[in-house]
Amino acid sequence: MKKISTTLVCILLIMTAAAQNTFIPKGIIQKTSSEIQKNSRISSLMIMRGVTQTAELWTEADGTPEEFSAFCIENFCSDSNEKQSLFNRLCDNFEAIMGHNNAVIISLCMPVHCVGYETLPIDEMFAAYDGSSHFTEDMFANKIAFVVTLNFPHFTLKEKSENAEKWSDLEWGYARLGDWFTSRVPADKLQAITAANTAADTYISNYNICMGSVKAADGTQYWNNDLKLITHWGLRDELKAAYADSQNGLEKQKIIYAIMKNIIGQTIPKDVINRDEYFWQPTVDKTYKGTELVSLPRENDVRYQYLLDNFHAVKAADPFYPGNTTFLDRRFNDDLEFSQQDIENLFTAFLSSPEVQTVADLISKKLGRKLQPWDIWYSGFKNRSAVAESDLDRLTRAKYPTKEAFAADLPNILTTLGFTREKADFICSHVTVDASVGAGHAWESMMKSDNARLRTRIGANGMDYKGFNIGVHEFGHNVEQTFSLHNVPNYFLAGVPNTAFTEALAFTFQQRDLQLLGTNSQDTIGEYYDLLDNFWSCYEIMGVSLLDIQVWKWMYANPNATAAELKEAVNTMALEIWNQYYAPVFKVKDQPILAVYSHMIDAPLYLSAYPLGYLISFQLQSYFKNKNLGEEVERVFSQGRLIPQYWLQKAVGSKLTATPFVKAAANAAQVVGNYEKQQSSAQKSTKKVKK
């Protein structure tokens, strides 16, 4: 997992659109632009663009229209040399601001994130402190933001796409700088968005089902009294775990699915949410107080009211984003930098591919039954190592008794993967290893004089295999972070288009962990299992993502809808998407399961990032095969933060597409099917010999 600082997240959320302002008259904009043209060699189109965008952000509190005009005339660069000098200074100063603030946050979080510190109550308070939380506000107050918008105006995704191959590295840097200050949403609107999202997050975070109070239709209790499962994640993971229960697994899955359908339809008794006073039989819709049958009130559309509240809060800020006038536009054009239509086309092509049926047939064969709706979460494709994990634990603990031992071996890990010793030493000189309190993460540096952080668990008796596996994953992030900061043409191109790109490299490293341990037993069949696992997960989450998009379209088309009307619409759309893309595969119609995702309620329009990550990861890892990994990784991750499609085009020679993934999945299904048939035959032969 890549760790992103709170500061950066806040800035990315605030800086992604253009604000509408009528304070500066059009006549002043025209007059100011004409005056600048007299003494500037910059094109008249760029002058007008810069002045117009600055005017859109200028408020009465910033000065009079006359003061606006004087500011623009005084601060607009007269020629390309002056503009480049300004850009270089902004690169240096923004790196200093962002880099040092990031370093401060890392330092303050050390007692919370890393072992070796005495735990104090104040640690959490310092970990929550962010000295640059008012960065954007401060930049507008001291007018630095206006200097940026004036000389480095914002370009839309469409414009970036059209100019992608025409722009030089410097011009791309100018364009990325133009993304920084593009919105001044009023504080009350931002507060309303935060309040609505926080309320939804609190609702979801406290939405647990006490499984000890859940019973089958015949009264059987399958779960312990102390088991509480959060929806939807906990319920989903328990459903996945039930595949390993040959005796009661299927019945457990039926009960969990019934719980999910009650949540989706809001027929769930509200007194069984986070409470255990009542017994509940969700498959037959009965509740008991002890042995007495009782009738309990339903939750009644609360779930959909939170979704509606998020919509209304976000929509209230729409007038301040004239370039992207809906949250849908902003999410896709600015955050993901894929157009909404392109995403929908990509997802529907994947979901409609005949290869899905090939994988589904393999799953059905492995289960020994017809597929059920909840089998969209089938979890039977896992990498199968020939080495026992206990043996791997002994190996890693002996090799890495301390974090220092692991850090010392990082250059050898890189040379094993194909990096030159010189390049390995360079990367490792910019990475610091910490023993993590949590599972582990990679925290990027935001200035060249600081180091990226690699965190993984290292116990008192050394690093176990899980710690090594995670450490190698996080090291992949660190390699990306080092190249994409130190090798890029300028500071404003630092990074990658989105997190899917860095995850792709992290997984590439992680899948070579046994090779790095020198066991010579990297399980080749495991690659096919991993591919199928990712493919099926992608198939599942794409339908959910399409539903998420359709729901937001519906809310914009029906802005005055009630929670009850929204509930009805969501359920209808969930059934329609299921019937179109899943019913032909599962051979069962009218299932609402796609609507259970909690992300839809507390993380508006976030879901599309998941399937994008799977697709990008597959495309990059496929390209890396049979190539010198060190050379290719340095090349592709030194490109800078271009838009995703152009980045991929330059990296692997093609834009993002679903076709190679689905073709590879069909082949993997055949390979795994043959492998398991051979394994089964071998086991039968062994049994005969024993007899």
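Note that these values count all heavy atoms, side chains included, but never hydrogens, waters or copies made by symmetry.
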For this session: Work out which heavy atom in Ala563 is nearest to a heavy atom in Leu308; give both atom names and the distance.
Result: N-CD2, 3.7 Å
Exercise. Hey, are Asn333 and Glu337 close enough side-chain-wise for a donor-acceptor pair under 3.5 Å?
Worked result: no
Problem set entry | 4.5 Å side-chain heavy-atom contact, Leu531 and Phe661 | yes
For this session: Give me the ring orientation class for Phe586 and Trp536: parallel if the planes are under 30° apart, tilted from 30 to 60°, perpendicular past 60°.
Result: tilted
For this session: Quickly, which of Tyr614, Phe507, Phe381, Phe618 forms a side-chain contact (heavy atoms from CB on, under 4.5 Å) with Asn534? Name it, please.
Result: Tyr614
For this session: Scan side-chain atoms only and decide if Ser617 and Gln621 contain a donor-acceptor pair under the 3.5 Å cut-off.
Result: yes
Exercise. Where do Glu344 and Gln550 land on the side chain to side chain donor-acceptor pair (under 3.5 Å) test, with the steps shown first?
Worked result: CA-CA 10 Å; Glu344 291 189 68; Gln550 294 304 317; 3.2 Å; yes
Seminar exercise, completed: Heavy-atom closest pair (Asp271 atom, Arg275 atom, distance to 0.1 Å) is OD1-NH1, 2.7 Å
Exercise. Do Gln53 and Leu57 touch side chain to side chain, with heavy atoms closer than 4.5 Å?
Worked result: no
Exercise. Taking the side chain as C-beta and beyond, is there a heavy-atom pair between Arg176 and Lys160 under 4.5 Å?
Worked result: yes
Exercise. Between Asn208 and Ile273, is a side-chain contact (heavy atoms from CB on, under 4.5 Å) present by the stated rule, with each step listed?
Worked result: CA-CA 6 Å; Asn208 298 282; Ile273 302 168; over 6 Å; no
Exercise. Are Thr59 and Asp62 close enough, and set up right, to give a side chain to side chain donor-acceptor pair (under 3.5 Å), and what steps lead you there?
Worked result: CA-CA 5 Å; Thr59 67; Asp62 299 312; 3.0 Å; yes
For this session: Consider only side-chain N and O atoms of Asn579 and Asp590, and report whether a donor and an acceptor are under 3.5 Å apart.
Result: yes
Exercise. Could you go step by step and tell me if Leu648 and Ser654 meet the side-chain contact (heavy atoms from CB on, under 4.5 Å) rule?
Worked result: CA-CA 6 Å; Leu648 278 170; Ser654 62; over 6 Å; no
For this session: Identify the heavy atoms of Asn102 and Glu444 that sit nearest to each other, and give their distance.
Result: ND2-O, 3.0 Å
For this session: Evaluate the criterion ring-ring contact (aromatic ring centres under 6.0 Å, His included) for residue pair His154 and Phe181; output intermediate values, then yes/no.
Result: CA-CA 8 Å; His154 174 69; Phe181 304 109; over 10 Å; no
For this session: Could you pull out the closest heavy-atom pair between Leu229 and Glu238, with the gap in Å?
Result: CD1-CB, 3.5 Å
Problem set entry | Residues Gln253 and Trp374: side-chain donor-acceptor under 3.5 angstrom | yes
For this session: Kindly indicate whether the side chain of Arg236, heavy atoms from C-beta on, has any atom under 4.5 Å from the side chain of Leu239.
Result: no
Exercise. Do Thr326 and Asp329 have side-chain N/O donor and acceptor atoms under 3.5 Å apart?
Worked result: yes
Exercise. Does the pair Tyr243 and Asp375 meet the rule for a side chain to side chain donor-acceptor pair (under 3.5 Å), with working shown?
Worked result: CA-CA 10 Å; Tyr243 284 110; Asp375 290 325; 2.5 Å; yes
Seminar exercise, completed: Only residue of Trp167, Phe152, Phe492 satisfying ring-ring contact (aromatic ring centres under 6.0 Å, His included) with Tyr174 is Phe152
Exercise. Are Asp342 and Lys655 within salt-bridge range, i.e. N to O under 4.0 Å?
Worked result: no
For this session: Using only heavy-atom distances, determine whether the side chains of His477 and Glu480 contain a donor-acceptor pair under 3.5 Å.
Result: no
For this session: Decide if atom NE2 of His312 counts as having more than 12 heavy atoms of other residues, nucleotides or ligands within a radius under 6.0 Å.
Result: yes
Seminar exercise, completed: Glu162 and Lys166 have their tightest heavy-atom pair at O-CE, 3.7 Å
Problem set entry | Min side-chain heavy-atom separation Asp602-Tyr203 under 4.5 Å | no
Problem set entry | Parallel, tilted or perpendicular: ring planes of Trp552 versus Tyr556, cut at 30 and 60 degrees | tilted
For this session: Identify whether NZ of Lys or CZ of Arg in Arg330 sits under 6.0 Å from the centre of the six-membered ring of Tyr321 and within 45° of that ring's axis.
Result: yes
Exercise. Would you say the ring centroid of Phe338 lies under 6.0 angstrom from that of Phe332?
Worked result: no
Exercise. Does the pair Tyr539 and Tyr582 meet the rule for a ring-ring contact (aromatic ring centres under 6.0 Å, His included), with working shown?
Worked result: CA-CA 9 Å; Tyr539 173 61; Tyr582 296 87; 4.6 Å; yes
Problem set entry | Phe140/Phe146 aromatic ring centres below 6.0 Å | yes
Exercise. Going through the distances and angles, do Thr54 and Ile29 end up as a side-chain contact (heavy atoms from CB on, under 4.5 Å)?
Worked result: CA-CA 9 Å; Thr54 304; Ile29 295 174; over 6 Å; no
For this session: Give a yes-or-no answer on whether the side chains of Gln305 and Asp309 include a donor-acceptor pair shorter than 3.5 Å.
Result: yes
Exercise. Can you tell me if Glu568 and Tyr304 form a side-chain donor-acceptor pair at under 3.5 Å?
Worked result: no
Problem set entry | Considering all heavy atoms, the nearest Ile264-Asn571 contact | CG2-OD1, 3.2 Å
Exercise. About how many Å separate CG of Leu615 and SG of Cys538, when rounded to the nearest 0.5 Å?
Worked result: 4.5 Å
Exercise. Is there a side-chain contact between Arg331 and Tyr606, using heavy atoms and a 4.5 Å cut-off?
Worked result: yes
Exercise. Angle class for the Tyr646/Trp172 ring planes (parallel below 30°, perpendicular above 60°, tilted otherwise)?
Worked result: parallel
Problem set entry | Derivation of the salt bridge (Lys or Arg N to Asp or Glu O under 4.0 Å) call for Arg303 and Glu299 | CA-CA 8 Å; Arg303 174 182 178 88; Glu299 191 182 18; over 6 Å; no
Problem set entry | Arg49 NZ/CZ over Phe155 ring centroid, <6.0 Å and within 45° of normal | yes
Problem set entry | Phe637/Trp647 under ring-ring contact (aromatic ring centres under 6.0 Å, His included): CA gap, chis, key distance, verdict | CA-CA 9 Å; Phe637 287 100; Trp647 193 101; 5.5 Å; yes
Problem set entry | Lys553 vs Gln340, side-chain contact (heavy atoms from CB on, under 4.5 Å): CA-CA, chis, key distance, verdict | CA-CA 11 Å; Lys553 285 182 179 180; Gln340 178 189 317; 2.8 Å; yes
Exercise. Is it true that Lys315 and Asp318 have a side-chain N and a carboxylate O under 4.0 angstrom from each other?
Worked result: no
Exercise. Does some side-chain heavy atom of Tyr306 sit less than 4.5 Å from a side-chain heavy atom of Phe311?
Worked result: no
